[in-house]
Engineer: 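Can you keep this structure in mind? I'll have questions shortly.
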Amino acid sequence: MENWALPIAMLLTSTIAARFDGGSSAAESSIPTTLDGPFTPVSVNLEDEGFRGNAVDLPETDPRVVRRVKGFEPEQISVSLSVSADAVWISWVSGDFQMADIIQPLNPASVASTVRYGRLRNYLAFKATGHSLIYNQIYPFVGMRNYSSGIIHHVLLTGLEPDTRYFYRCGDPSIPAMSTTRAFKTMPVSGPKSYPKRIAVVGDLGLTYNTTSTVNHMKENKPDLILLLGDVTYANLYLTNGTGSDCYSCSFPNTPIHETYQPRWDYWARFMEPTISEIPIMVVEGNHEKEEQANGRTFEAYSSRFAFPGEESGSHSTFYYSFKAGGIHFIMLGAYVSYNKSGDQYKWLQRDLATVDRTVTPWLIATWHAPWYSTYKSHYREVECMRVEMEELLYSNGVDIVLTGHVHAYERSNRVYNYTLDSCAPIHLIIGDGGNREKMAISHADDLGNCPDPAETPDDMGGFCAFNFTSGPAEGKFCWNRQPDYSAYRESSFGHGILEVRNETHALWTWHRNQDSYNSTGDQIYIVRQPDKCSILPKLDSKTNLLVRDS
């Protein structure tokens, strides 16, 4: 580290620690940085396993999920970002869903998609219009019920001022059917000294009583942006009659197709509306969003209900896209769509990374659903093919942080590339502990007798890449016999993360457990970039055939 950087790091540590921990000198000195790593692996086992949650779903009679509007009045309102600070998407639903053997879909053209907005609550000077759609979940089998959504609206607001609070109402003023007035704040302008104050990160959220604790904790931390890393509602854990199960394949082995109960999406959006109608949310797909229909269609609810800056970011896809939030360039990748080097997603990623200007957006953060570096038995090395295809590209472009979910626990890695500790590689953070009904992941692959069979670890996209390690401490084995060196900290508890980027080199990462008080932390570290040490384009080491950074 250069001489000027150390006082800055010490000052940042003191300031952040004072806000979280009351300013005691012990707390100030207790927050490590990635410069102190690599860290000796730590595994926390709670004495009270009740803290891991009972994972009970909210019932459809809960007042937080019942329909509270009439006719075509807007509900399930949400805000999401476009590629830059001068635009946002407003989304909502008009009209109720249908769940029946025979459905008669609503006509999207029958209700207008209008947003009135402005900087004054009582003077919404601007108007924008958008598009609307419905989607159906069809199962042409005896005894299975079909679903048709309400009318889903998406409206893009443009020409906005960065870092500015706007008020808005959405709906159809001609009916009239307009929402009450809501407010959102745009992201800061992109630049090396401009960042959102707090970014909340959650994964595998679901709609349980644990979910409510996670969301309450998250809101208490007053985030400016929410990242949801897939597995949104778990509607696919239900039959079309609404019957649910913790183990779908165990309880319903003879269904002609894997059913889903789509009203869970409506319940989830109603529960989340007070939060995401004012705090922008960005979502990437998880495996529970696949929701296959009899005609082979998949991801219908996910792709229809959220607004994505796919077109704006050049991907033209709901599965992968990018956007900026101040001095951060976010890449949202799809683990359940082709990621082969010859595929559209990989080629888009190459083009998107080529546009990144690190003098404008110093931080480069990548997210997707299933992790590459998890040490839990659940989903162990499940997306190894994705890592093999994409890791080199992300590493060579200097990705700083990787955020994933899928594994229902928390884990923070040391900086790692190709299972090797590397001070210029990204730090991987698994936050799949939002509160879903499938409960926590507890067993580790490195615990005695827990190593999965490699032959039973196929990739979800149809490939097979999870072989025994060929070098290092686990050479010739599929699992380590102890917590791997690349795993710095792991714990099985429900919670969420908060990322606070302070400047072009320092960001504070905090993981909060649900069972803790709002102002306490479960894990905390400064993530420090070293652009002077780590060149963006590494060289190929002729001896190891691995990429290495200049230092």
Side-chain angles (χ1 to χ4, degrees), residues 74 77-92 112-131 153-171 173 178-200 219 221-227 273-283 306-314 321-332 352 355-365 498-504 507:
I77 304 169
S78 64
V79 182
S80 55
L81 302 179
S82 184
V83 293
S84 56
D86 61 353
V88 304
W89 286 94
I90 306 295
S91 303
W92 70 95
S113 307
T114 303
V115 177
R116 299 275 188 181
Y117 63 102
R119 296 173 64 174
L120 300 175
R121 176 180 290 274
N122 296 320
Y123 181 56
L124 306 180
F126 306 106
K127 174 185 175 181
T129 58
H131 67 277
H153 305 261
H154 300 300
V155 177
L156 182 63
L157 312 187
T158 59
L160 306 177
E161 293 292 326
D163 202 19
T164 300
R165 187 172 178 83
Y166 282 87
F167 299 92
Y168 73 96
R169 296 179 68 195
C170 60
M178 295 291 287
S179 71
T180 58
T181 302
R182 314 295 174 94
F184 65 86
K185 189 177 182 182
T186 53
M187 291 294 104
V189 67
S190 291
K193 300 184 184 302
S194 177
Y195 301 94
K197 290 182 179 179
R198 297 179 196 89
I199 299 170
K219 290 171 65 176
N221 281 311
K222 297 180 172 58
D224 301 300
L225 172 64
I226 299 169
L227 301 180
E273 180 182 337
T275 302
I276 62 177
S277 64
E278 302 212 338
I279 303 171
I281 185 170
M282 303 301 285
V283 185
F306 297 107
F308 304 93
E311 183 174 346
E312 301 102 286
S313 62
Y321 59 92
S322 66
F323 67 95
K324 298 178 182 66
I328 310 169
H329 187 98
F330 281 101
I331 300 168
M332 313 290 275
D352 190 77
T355 69
V356 178
D357 183 348
R358 303 303 276 267
T359 66
V360 177
T361 53
W363 288 87
L364 183 56
I365 299 177
I498 294 288
L499 181 67
E500 301 175 81
V501 179
R502 292 301 180 180
N503 58 29
E504 55 265 50

Engineer: Write down the atom of L81, the atom of M187, and the distance for their closest heavy-atom approach.
Structural biologist: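 The pair with the smallest heavy-atom distance is CD1-CG, 3.7 Å.
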
Engineer: Determine the minimum heavy-atom distance between V356 and R358, stating which atoms define it.
Structural biologist: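 Closest heavy-atom pair between V356 and R358: CG1-CD, 3.6 Å.
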
Engineer: Is there a side-chain contact between I90 and V79, using heavy atoms and a 4.5 Å cut-off?
Structural biologist: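 I90 reaches V79 side chain to side chain.
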
Engineer: Quick one: are S113 and H131 in side-chain contact, heavy atoms under 4.5 Å?
Structural biologist: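 The answer is no; the side chains never approach within 4.5 Å.
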
Engineer: Examine distances only and state if a side-chain atom of T164 and a backbone atom of P162 form a donor-acceptor pair shorter than 3.5 Å.
Structural biologist: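 Yes, T164 side chain to P162 backbone: donor-acceptor pair under 3.5 Å.
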
Engineer: Does a donor on one side chain and an acceptor on the other come within less than 3.5 Å for T114 and R116?
Structural biologist: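 No donor-acceptor contact under 3.5 Å links the two side chains.
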
Engineer: Quick one: are C170 and V115 in side-chain contact, heavy atoms under 4.5 Å?
Structural biologist: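 Side-chain contact under 4.5 Å: yes.
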
Engineer: For V189, does its backbone N or O pair with a side-chain atom of S194 as donor and acceptor, under 3.5 Å?
Structural biologist: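 Yes.
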
Engineer: Where do A183 and F167 come nearest, in terms of heavy atoms and distance?
Structural biologist: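 That closest heavy-atom pairing would be CB-CD2, 3.7 Å.
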
Engineer: Between K219 and E278 (salt bridge meaning N to carboxylate O under 4.0 Å), is one present in this structure?
Structural biologist: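 No, this pair does not count.
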
Engineer: Could you pull out all residues at least two apart from T361 that satisfy side-chain hydrogen bond (donor to acceptor under 3.5 Å, both in side chains)?
Structural biologist: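 Applying side-chain hydrogen bond (donor to acceptor under 3.5 Å, both in side chains) to T361 gives none.
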
Engineer: side-chain contact (heavy atoms from CB on, under 4.5 Å), that's the test. Do F330 and I199 meet it? Break it down for me.
Structural biologist: CA-CA 12 Å; F330 281 101; I199 299 170; 3.8 Å; yes

Engineer: Just how far is it from atom CD1 of I77 to atom CZ of R169, taken to the nearest 0.5 Å?
Structural biologist: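 If I round to the nearest 0.5 Å, the distance is 10.0 Å.
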
Engineer: For a side-chain contact (heavy atoms from CB on, under 4.5 Å) check, start with the C-alpha distance between L499 and I365, then their side-chain angles and the critical distance, and finish with the verdict.
Structural biologist: CA-CA 11 Å; L499 181 67; I365 299 177; 3.6 Å; yes

Engineer: What distance separates L120 CG from Y166 OH, expressed to the nearest 0.5 Å?
Structural biologist: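 Going from the CG atom of L120 to the OH atom of Y166 covers 10.5 Å.
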
Engineer: Can you find a heavy atom in the side chain of K222 that is under 4.5 Å from one in the side chain of R198?
Structural biologist: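 A side-chain contact under 4.5 Å exists here.
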
Engineer: Hey, does M282 have a side-chain heavy atom less than 4.5 Å from the side chain of F323?
Structural biologist: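 In contact.
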
Engineer: Got a donor-acceptor contact below 3.5 angstrom from the S91 side chain to the F306 backbone?
Structural biologist: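 Pair absent, no side-chain N/O of S91 close to backbone of F306.
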
Engineer: Is the shortest side-chain N to carboxylate O distance from E500 to K197 below 4.0 Å?
Structural biologist: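 Salt bridge between E500 and K197, a charged N being under 4.0 Å from a carboxylate O: no.
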
Engineer: Please report the shortest heavy-atom distance between W92 and A112, naming the atom on each side.
Structural biologist: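 Closest approach of W92 to A112, heavy atoms only: CZ2-O, 4.4 Å.
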
Engineer: Please give me the minimum heavy-atom distance between P188 and P196, naming the atom from each residue.
Structural biologist: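 That closest heavy-atom pairing would be CG-N, 3.7 Å.
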
Engineer: With rounding to the nearest 0.5 Å, note down the distance linking OG in S313 to CD1 in I331.
Structural biologist: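 CD1 of I331 is found 10.5 Å from OG of S313.
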
Engineer: Is the side chain of S80 donor-acceptor paired with the backbone N or O of A307 at a distance under 3.5 Å, no angle test?
Structural biologist: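 Looks like yes, one N/O pair under 3.5 Å.
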
Engineer: I need the R182 CZ to S78 OG distance, nearest 0.5 Å.
Structural biologist: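 Atom-to-atom, R182:CZ and S78:OG are 10.5 Å apart.
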
Engineer: Evaluate side-chain contact (heavy atoms from CB on, under 4.5 Å) for E312 paired with L156, printing each intermediate quantity in order.
Structural biologist: CA-CA 11 Å; E312 301 102 286; L156 182 63; 4.2 Å; yes

Engineer: Apply the ring-ring contact (aromatic ring centres under 6.0 Å, His included) test between Y117 and each candidate in Y168, F126, F184; give the one that qualifies.
Structural biologist: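 In the set Y168, F126, F184, the residue that makes a ring-ring contact (aromatic ring centres under 6.0 Å, His included) with Y117 is F126.
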
Engineer: About how many Å separate CG of D352 and NE2 of H329, when rounded to the nearest 0.5 Å?
Structural biologist: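 Between H329 NE2 and D352 CG, I get 3.5 Å after rounding to 0.5 Å.
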
Engineer: Heavy atoms only: give me the nearest A325-L225 pair and the separation to one decimal.
Structural biologist: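 So the two residues come closest at CB-CD2, 4.3 Å.
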
Engineer: Evaluate whether atom CZ of R119 has more than 12 neighbouring non-hydrogen atoms of other residues, nucleotides or ligands under 6.0 angstrom away.
Structural biologist: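 Not more than 12 within 6.0 Å, no.
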
Engineer: How long is the gap from CG on D224 to NZ on K185, to the nearest 0.5 Å?
Structural biologist: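 The NZ atom of K185 is 6.0 Å from CG of D224, to the nearest 0.5 Å.
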
